[in-house]
Amino acid sequence: MQSVPPNGGIRMYHPQVDLSSLEILRQVLESGWIGLGPVTKQFEDELAHSAWIGKHPVAVNSGTAALHLALVVANVPEGCAIIVPANTFVSTAAVALQHRCRVVLADIERATGNIDLNSVREILDSEPNVGAVIAVHYSGIPCDIAGLDEISKKYGVPVIEDCAHAIGTVWEGRSMSESPHIQAYSFHATKALALGEGGCVTFNDRQSAERAKRLRRLGIDMRTRTWAKPYDIPELGFKYNMGDIAAAVGLGQLASLPDNLHKRWSIVQRYRERLAGTPVELVREAGGCDRTGGFAVPVLVKDRERVRKDLDAAGVESEIYFRPLGEFPLRASRATPVAELFSRDVICLPIHPLIRLDEVDYVCDRLSDSVMCA
Ligand SMILES: *Cc1c(COP(=O)(O)O)cnc(C)c1O
């Protein structure tokens, strides 16, 4: 039995930065312009051609900014209620409060960790003033996008997808660019396309993307500029734009994205093969034509704290995604019992493009040993 982890320890994250970023970055630094400019435009053009991301991408400085901008461009009225799953990062709910709305928590499905559409329908049937639903593709496992679309049409409420984990996700055999909804992506240091900080919001129509491009930079509109009046502000926006330094890193990262996503998928499959038949409960896709993007590998276990300590003692890092939002001061009061149990039992295991399959095997062996001796 192996008792020392390979390389001395297995980390949760290790963003790999493509070295071609260095050359593009050097060109930006030498170009005489390092703000929002041509490289951000080039990054957006390349994002638009990648099937991993929605259409008409608008690059911003974080995934949180992307979510907030999505609410504004979807014309979600201030003062309404916004439905948010309890199993998500705080950003998903924080933007609703920032938009002066109330957060109503939807419960989740234990099998996928994703928003439970029955819970969403229950809220829509009982709450009079719902202005939007934000769904999260938890850990990269796709939500029921078609089911959400039906709900959106039936109740006349826009759906916004929090795609922070969903780069590389496939739903019903389709790429994320085929979703009918506005989507918000994060390029944070831990995410599959890591720029350090950054994000983008995507739309199905060009007009919305153009409006978002004005709103990301305070609403500044140069279309009618003259010598006397360099710009107008028809609608006040936010300071959310990406700049060319981040976009340069993004171009390099995009080049290695297909390879990185492929590695993530092999790692997910290896975890699933190795943990099948153990008491560890795998969190996974609902449909046979769905595929996780592999942002995280969530599993459910009994006696989670002890198991995490055993992993730690064996040199394996782990994370809890997520504490249920009901535990934070968001003034969101609805009970979400499935999310609470999920959060009590969940462990997210290490995954990043630099983990080798024998390291995955080591993690699985230590995890199996720990759950067996309960
Ligand atoms: C990371 C994350 C965000 C926010 O992204 P930032 O780029 O850090 O602002 C939003 N939602 C979820 C589910 C996330 O994991």
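The first residue of the sequence shown is numbered 1, and numbering continues consecutively from there. Each ligand, and each atom within it, is numbered from 1 in the order the structure gives.
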Considering distance alone, does some N or O of His188 sit under 3.5 Å from an N or O of ligand 1?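 There is no such contact.
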Between ligand 1 and Gly63, is the shortest N or O to N or O distance under 3.5 Å?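 Checking ligand 1 against Gly63, an N or O pair does fall under 3.5 Å apart.
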Nearest non-hydrogen protein atom, atom 15 (O) of ligand 1: His165 NE2, 2.7 Å
Identify, for atom 1 (C) of ligand 1, the protein heavy atom at the shortest distance, and state residue, atom and that distance.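 Checking every protein heavy atom, the shortest distance to atom 1 (C) of ligand 1 gives Lys191 NZ, 1.5 Å.
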For the residue pair His68 and Tyr240, does the interplanar ring angle fall in the parallel (under 30°), tilted (30 to 60°) or perpendicular (over 60°) class?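 His68 and Tyr240: perpendicular rings.
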In terms of ring plane angle, is the pair Phe342 and Tyr138 parallel, tilted or perpendicular, where the classes change at 30° and 60°?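 Taking Tyr138 first and then Phe342, their aromatic rings stand perpendicular (interplane angle over 60°).
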Any idea which part of Thr64 is under 4.0 Å from ligand 1, heavy-atom wise: side chain, backbone, both or neither?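 Under 4.0 Å from ligand 1, Thr64 contributes backbone and side-chain atoms.
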Heavy-atom distances under 4.0 Å are what count here, so tell me which part of Ala164 touches ligand 1: side chain, backbone, both or neither. side chain
Do [X] side-chain atoms and [Y] backbone N/O form a donor-acceptor pair below 3.5 Å?
{"X": "Glu285", "Y": "Thr292", "result": "yes"}
{"X": "Gln183", "Y": "Asp162", "result": "no"}
{"X": "Ser152", "Y": "Val157", "result": "yes"}

Using a strict 4.0 Å cut-off to heavy atoms of Gly198, name the atoms of ligand 1 that fall inside it.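 Listed by number with element, the hits are 7 (O).
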Residue pair Tyr321, His165: steps toward the side chain to side chain donor-acceptor pair (under 3.5 Å) verdict: CA-CA 12 Å; Tyr321 295 145; His165 303 176; over 6 Å; no
Of Ser186, Ser139, Ala184, the residue with the heavy atom nearest atom 5 (O) of ligand 1 is Ser186
Between the candidates Asp162, Thr88, Val95, which shows the shortest non-hydrogen contact distance to atom 11 (N) of ligand 1? Asp162
Between Thr112 and Glu109, is any side-chain donor less than 3.5 angstrom from a side-chain acceptor?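 The criterion, which ignores hydrogens and geometry beyond distance, is satisfied for Glu109 and Thr112.
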Looking at ligand 1, does Glu197 have a heavy atom less than 4.0 Å from it?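 Contact absent.
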